[in-house]
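Below you'll find the structure, written out as structure tokens, and then a few comments.
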Amino acid sequence: MKNVIMFLSFVIYATFIFFINNYTLLLIVLLLNVLAMIIFQIHLRGTIRNLLKILPFVLFTVVINGILSGYEYAIFIGIKLILVCNITYIYSKTTTVRGIAGTIKILCLPLKLIKINPEEIELLVCISLSMIPILKKEYSQLKEACIVKGIKINSKNMKIILAKAMISIMKRVNEIEESIIEKGYGEI
């Protein structure tokens, strides 16, 4: 139940940030984010590294909003995006994949009324979230292999690169399927 409350609080908080319309409230949200980082013992270095990863997306959004709506509004949107990404990072560091999947299962319990099994949804969420780091690792290994072999990553070579990536992903999916069947979950 704790995970459900944390998840719903996170969703409401992140949504609330986008409805803020003055800088004073944004400052309060920033202080709440810093307080959450202190409470959950989130390292500042990791937070900064995460913010640097999303910075191109934020800057792109700021530029587009600057062109369409003016620079002040664009900066306001950029600050909101950074705050939402920061609280998302905090949430991801404080919750496990299993915790998120369990939360989704609890939230999907009303679907039993229309004969949808929440445990299957939990399993799908768990597998999906677990595949993200695997895909990231596969991509970096494929990129390194291309560099070692002297293959440039461009549109001409994309067919070969994607084919190798799909073969690797299919092998991983097959391993996961076999593991699930061996653990007695049943046929997929």
Treat each ILVMFWY residue as a node, draw an edge where side-chain heavy atoms are under 4.5 Å apart, and state whether [X] and [Y] are in one component.
X: Ile17; Y: Leu27; answer: yes
X: Ile67; Y: Val62; answer: no
X: Ile64; Y: Leu59; answer: no
X: Ile12; Y: Leu30; answer: no

Please check: side-chain N/O of [X] versus main-chain N/O of [Y], any donor-acceptor pairing under 3.5 Å?
X: Lys80; Y: Ile20; result: yes
X: Asn65; Y: Thr61; result: yes
X: Ser179; Y: Glu175; result: no

Aromatic ring pairing Phe10/Tyr91, orientation class (parallel under 30°, perpendicular over 60°, tilted between):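 Plane angle under 30°, so parallel.
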Can you confirm whether [X] sits close enough to [Y] that some side-chain heavy atom of one is under 4.5 Å from a side-chain heavy atom of the other?
X: Lys149; Y: Glu144; answer: no
X: Ile100; Y: Thr96; answer: no
X: Ile127; Y: Ile176; answer: yes
X: Phe18; Y: Leu81; answer: yes
X: Ile121; Y: Lys105; answer: no
X: Ile106; Y: Asn3; answer: no
X: Cys108; Y: Ile116; answer: no
X: Asn117; Y: Leu111; answer: no

Which distance, rounded to the nearest 0.5 Å, do you find between the [atom1] of [X] and the [atom2] of [Y]?
X: Ile104; Y: Leu109; atom1: CD1; atom2: CG; result: 11.5 Å
X: Lys53; Y: Tyr89; atom1: NZ; atom2: OH; result: 8.0 Å
X: Lys164; Y: Leu142; atom1: NZ; atom2: CG; result: 8.5 Å
X: Thr47; Y: Ile90; atom1: OG1; atom2: CD1; result: 6.5 Å
X: Leu26; Y: Asn21; atom1: CG; atom2: CG; result: 9.0 Å
X: Arg45; Y: Ile48; atom1: CZ; atom2: CD1; result: 9.0 Å

Heavy-atom pair with the smallest gap, counting every atom of [X] and [Y]:
X: Ala74; Y: Gly66; result: CB-N, 3.3 Å
X: Gly78; Y: Val58; result: O-CG1, 3.8 Å
X: Phe19; Y: Thr15; result: CD1-O, 3.2 Å
X: Cys85; Y: Ile54; result: CB-CD1, 3.3 Å
X: Val84; Y: Thr88; result: O-OG1, 2.7 Å

Chi angles and distances behind the side-chain contact (heavy atoms from CB on, under 4.5 Å) call for Leu135, Arg172: CA-CA 9 Å; Leu135 292 175; Arg172 295 285 185 162; over 6 Å; no
Derivation of the side-chain hydrogen bond (donor to acceptor under 3.5 Å, both in side chains) call for Asn33 and Tyr13: CA-CA 10 Å; Asn33 280 12; Tyr13 182 75; 2.7 Å; yes
Residues, nucleotides or ligands: over 12 heavy atoms within 6.0 Å of Tyr23 OH: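 It does: Tyr23 OH has more than 12 such atoms within range.
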Residues Lys171, Glu138; criterion side-chain contact (heavy atoms from CB on, under 4.5 Å); working and verdict: CA-CA 11 Å; Lys171 285 180 182 177; Glu138 291 290 329; over 6 Å; no
Pair Thr103-Met6, side-chain contact (heavy atoms from CB on, under 4.5 Å): steps then yes or no: CA-CA 9 Å; Thr103 300; Met6 269 187 69; over 6 Å; no
Verdict with reasoning, Leu123 to Glu119, per side-chain contact (heavy atoms from CB on, under 4.5 Å): CA-CA 6 Å; Leu123 182 65; Glu119 291 174 1; over 6 Å; no
